[in-house]
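Below, chains carry the letters A, B, ... as their sequence lines are ordered, and counting in each starts from 1. This is a predicted model, so every value here is computed, not measured.
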Number of protein chains: 2
Amino acid sequence: MSTTSGSEQLLRSAQLRVTRPRVAVLDAVHDHPHADTEQIISSVRARLGDVSHQAVYDVLKALTLNGLVRRIQPSSSVARYEARVGDNHHHVVCRGCGSIADVDCAVGETPCLTATEDHGFTIDEAEVIYWGTCPGCAASSAPDS
Amino acid sequence: MSTTSGSEQLLRSAQLRVTRPRVAVLDAVHDHPHADTEQIISSVRARLGDVSHQAVYDVLKALTLNGLVRRIQPSSSVARYEARVGDNHHHVVCRGCGSIADVDCAVGETPCLTATEDHGFTIDEAEVIYWGTCPGCAASSAPDS
DNA sequence: CCACAAACTTGAACCAGTCAAGAATTGCAC
DNA sequence: GTGCAATTCTTGACTGGTTCAAGTTTGTGG
């Protein structure tokens, strides 16, 4: 029986211990892209029963440090996590409902990383957030006709 | 006597009431770009005496809504405010000390706004945050030689 | 100058996230 | 299969930035 789910392999390759909470958290992030911490906790508990929020926070921190998940946190929003890492993509955030979608940058790779770095900073990552309105919110906020 | 400081005119042109707290907050944001709320409160109190933090929060919200200041909030950081609005520029954030500097986008105007909008979102703003290391932190974290 | 509405003060509550100490698991060696 | 050491999970409390609510003060138009 190949209980070696992809998540388990990912954990091992990152030299992290394989525990049920960790596998469940990683699966949850894979299943629900852009989920916030509360959603992840719910998802994990639905799978394992009781898991402390503390464990989830700790796991998410460990996964983030090891590059297995990426943490994104638009202004006025709680932290969200996604499993697509390494791929250089960005996000659209709806001002209405806060939903997030992935977008690839039109520029290609390493978008805008060639900023005119006036201030001597060593830039290693460019994070782009597009603000706008999702189709659903656009429809419900345009009753004007 | 031209007590009509630039801030006062800005407030009037935005149809906002001109009060001492508002003028002081607006001045503080102009004087200290990328200041967090606590710094703004200190600056305002140094100028006016006692002002409730609540007033500052309220003023900042009003100014943000009216486009007089811009709120920026990198992950793992408190809210910061800046007075340069309308100008399409972005920010470099130091992972070490959290300091922020302005950068103009290399692409020119409305950077990357031509994202491949796969999901039907109506994009109205592109926010770019460059992550890296400032000269000071780079120097202090490279004692390796 | 008056009256109304908007803005400020005070005080408390909120909530995501963090810290700390102890119990339970995991992975590895034998 | 067993046992040990280190890591990880649980429990519980706490922090700090931000927001909410009620009441008083201030600014602005008439």
Side-chain angles (χ1 to χ4, degrees), chain A residues 3-5 7-26 28 34-45 47-66 68-69 71-81 98, chain B residues 3-5 7-26 28 34-45 47-66 68-69 71-81 98:
Chain A
T3 45
T4 310
S5 64
S7 300
E8 193 175 328
Q9 292 188 358
L10 276 171
L11 287 169
R12 289 195 192 286
S13 63
Q15 294 182 329
L16 291 170
R17 286 200 177 177
V18 178
T19 64
R20 265 160 311 193
R22 291 190 165 182
V23 174
V25 168
L26 202 43
H34 315 129
D36 60 34
T37 314
E38 193 183 355
Q39 290 175 309
I40 293 172
I41 292 176
S42 299
S43 177
V44 170
R45 287 189 175 154
R47 213 171 298 202
L48 296 185
D50 252 358
V51 177
S52 65
H53 69 170
Q54 189 62 6
V56 176
Y57 274 103
D58 190 28
V59 169
L60 286 172
K61 181 180 290 183
L63 295 180
T64 303
L65 281 176
N66 286 275
L68 266 60
V69 303
R71 175 182 179 150
I72 55 183
Q73 185 175 22
S75 303
S76 320
S77 173
V78 296
R80 289 160 180 271
Y81 296 87
Chain B
T3 46
T4 309
S5 65
S7 299
E8 192 176 329
Q9 292 187 357
L10 275 172
L11 287 169
R12 289 195 191 285
S13 63
Q15 296 183 328
L16 292 170
R17 284 198 180 178
V18 178
T19 65
R20 266 159 311 189
R22 291 192 165 182
V23 174
V25 168
L26 202 43
H34 315 131
D36 61 34
T37 313
E38 193 183 355
Q39 290 176 307
I40 293 172
I41 291 176
S42 299
S43 178
V44 169
R45 285 188 176 155
R47 212 172 299 202
L48 296 184
D50 252 357
V51 177
S52 64
H53 69 165
Q54 188 62 7
V56 175
Y57 274 103
D58 190 30
V59 169
L60 285 172
K61 180 180 290 183
L63 296 180
T64 304
L65 282 176
N66 286 274
L68 266 61
V69 303
R71 175 181 180 152
I72 55 183
Q73 185 173 21
S75 303
S76 320
S77 172
V78 298
R80 289 160 180 271
Y81 296 87

Colleague: Are there any protein N/O atoms within less than 3.5 Å of an N/O atom in nucleotides 1-3 of chain C, and if so, which ones and at what distance?
Modeller:
none

Colleague: Does D:dT19 have its OP1 or OP2 closer than 4.0 Å to a side-chain nitrogen or oxygen of B:Y57?
Modeller: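 For B:Y57, the contact criterion (side-chain N or O under 4.0 Å from OP1 or OP2 of D:dT19) is not met.
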Colleague: List for me each residue that meets side chain to side chain contact (heavy atoms under 4.5 Å, CB included) alongside A:D58, sequence neighbours excluded, and say none if there are none.
Modeller: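 Partners of A:D58 by the side chain to side chain contact (heavy atoms under 4.5 Å, CB included) criterion come out as none, since no residue qualifies.
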Colleague: Please report, rounded to the nearest Å, how far the P atom of D:dG17 is from the CG atom of B:L60.
Modeller: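 Rounded to the whole Å, the gap is 15 Å.
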Colleague: Taking only residues two or more places apart in sequence, or in another chain, which ones meet B:R47 in a salt bridge (charged side-chain N to carboxylate O under 4.0 Å, His left out)?
Modeller: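 B:D27, B:D31.
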Colleague: Rounded to whole angstrom units, what separation is found between the CD atom of B:Q73 and the C1' atom of D:dT19?
Modeller: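 One finds 14 Å between C1' of D:dT19 and CD of B:Q73, rounded.
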Colleague: With heavy-atom distances below 4.5 Å as the criterion, would you say the side chains of A:L11 and A:N66 are in contact?
Modeller: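 A side-chain contact is absent here, since even the closest heavy-atom pair is not under 4.5 Å.
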Colleague: Specify the separation, in whole Å, of atom CG of A:L11 and atom P of C:dT25.
Modeller: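 After rounding, the reported distance stands at 19 Å.
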Colleague: What is the separation between atom CG on B:L63 and atom P on C:dA6, rounded to the nearest whole Å?
Modeller: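 The distance from CG of B:L63 to P of C:dA6 comes to 17 Å, rounded to the nearest Å.
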Colleague: Could you give the distance from CG (B:L16) to CG (B:L63), rounded to the nearest 0.5 Å?
Modeller: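 Reported value, rounded in 0.5 Å steps: 6.5 Å.
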Colleague: Given that B:E38 and A:P21 both sit by DNA chain D, which one's nearest nucleotide is further toward the 5' end?
Modeller: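 Final value for this comparison: A:P21.
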Colleague: Closest heavy-atom contact between A:A28 and A:V44?
Modeller: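 Taking every non-hydrogen atom into account, CB-CG2, 4.3 Å.
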Colleague: If only atom types and distance count, is the side chain of B:D36 paired as donor or acceptor with the main-chain N or O of B:E38 below 3.5 Å?
Modeller: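 It does hold such a pair.
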Colleague: How would you summarise protein contacts on nucleotides 24-30 of chain D per nucleotide, using B for base, S for sugar-phosphate only and - for none, with heavy-atom distances below 4.0 Å?
Modeller: --BBS--
Colleague: With sequence neighbours left out, write down each residue that passes side chain to side chain contact (heavy atoms under 4.5 Å, CB included) with A:R20, or none if nothing qualifies.
Modeller: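 For A:R20 the side chain to side chain contact (heavy atoms under 4.5 Å, CB included) partners, ignoring immediate neighbours, are A:L48.
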Colleague: Tell me the interatomic distance from A:Q15, atom CD, to C:dG27, atom P, rounded to whole angstroms.
Modeller: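 Spelled out: CD on A:Q15 to P on C:dG27 is 14 Å.
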Colleague: Between protein and nucleic acid, restricted to nucleotides 19-23 of chain C and to nitrogen or oxygen atoms under 3.5 Å apart, what atom pairs and distances do you find?
Modeller:
| from | atom 1 | to | atom 2 | distance (Å) |
| --- | --- | --- | --- | --- |
| C:dC19 | N4 | A:Q54 | OE1 | 3.0 |
| C:dC19 | N4 | A:Q54 | NE2 | 2.9 |

Colleague: Taking B:L60's backbone N and O only, do any of them form a donor-acceptor pair with B:T64's side chain (distance below 3.5 Å, no angle check)?
Modeller: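 Yes, B:T64 side chain to B:L60 backbone: donor-acceptor pair under 3.5 Å.
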Colleague: If you check every side-chain atom of A:V59, which of D:dC9, D:dG17, D:dT10 has the closest atom?
Modeller: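 The listed nucleotide nearest to A:V59's side chain is D:dC9.
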Colleague: How long is the line joining CZ of B:R22 and P of C:dT9, in whole Å?
Modeller: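 Rounded to the whole Å, the gap is 12 Å.
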Colleague: Estimate the overall bend of the helix from C:dC1-D:dG30 to C:dC30-D:dG1 from the end axes over five pairs each, rounded to 10 degrees.
Modeller: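 The value is 40°.
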Colleague: Does B:S42 have any side chain to side chain contact (heavy atoms under 4.5 Å, CB included) partners at least two apart in sequence or in another chain, and if so, which?
Modeller: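 Counting only residues at least two positions away or on another chain, B:S42 forms no side chain to side chain contact (heavy atoms under 4.5 Å, CB included).
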Colleague: If we only count heavy atoms from C-beta on, is the B:L26 to B:V69 side-chain gap below 4.5 Å?
Modeller: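 Side chain of B:L26 against side chain of B:V69, heavy atoms only: contact under 4.5 Å found.
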Colleague: Counting only N and O atoms by type, is there a donor-acceptor contact under 3.5 Å from the side chain of B:S77 to the main-chain atoms of B:Q73?
Modeller: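 Answer holds: no.
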Colleague: Taking C-beta and beyond as the side chain, do A:V51 and A:V56 meet within less than 4.5 Å on heavy atoms?
Modeller: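 They are in side-chain contact.
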Colleague: A:D50 CG to D:dG12 C1': how many Å, rounded?
Modeller: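 Rounded to whole Å, this separation is 15 Å.
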Colleague: Please report the interatomic distance NE2(A:H53) to CZ(A:R45), rounded to the nearest 0.5 Å.
Modeller: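 It comes to 8.0 Å.
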Colleague: With a non-hydrogen cut-off below 4.0 angstrom, is B:A79 in contact with a base, only sugar-phosphate, or nothing?
Modeller: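 Sugar-phosphate contact only.
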Colleague: Quickly work out the B:I41 CD1 to D:dT19 P distance and round it to whole Å.
Modeller: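 Atom-to-atom, B:I41 to D:dT19, this comes out as 12 Å.
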Colleague: What pairs with A:A62 under side chain to side chain contact (heavy atoms under 4.5 Å, CB included), at least two apart in sequence or on another chain?
Modeller: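 If we apply the side chain to side chain contact (heavy atoms under 4.5 Å, CB included) test to A:A62, skipping adjacent residues, the hits are A:R22.
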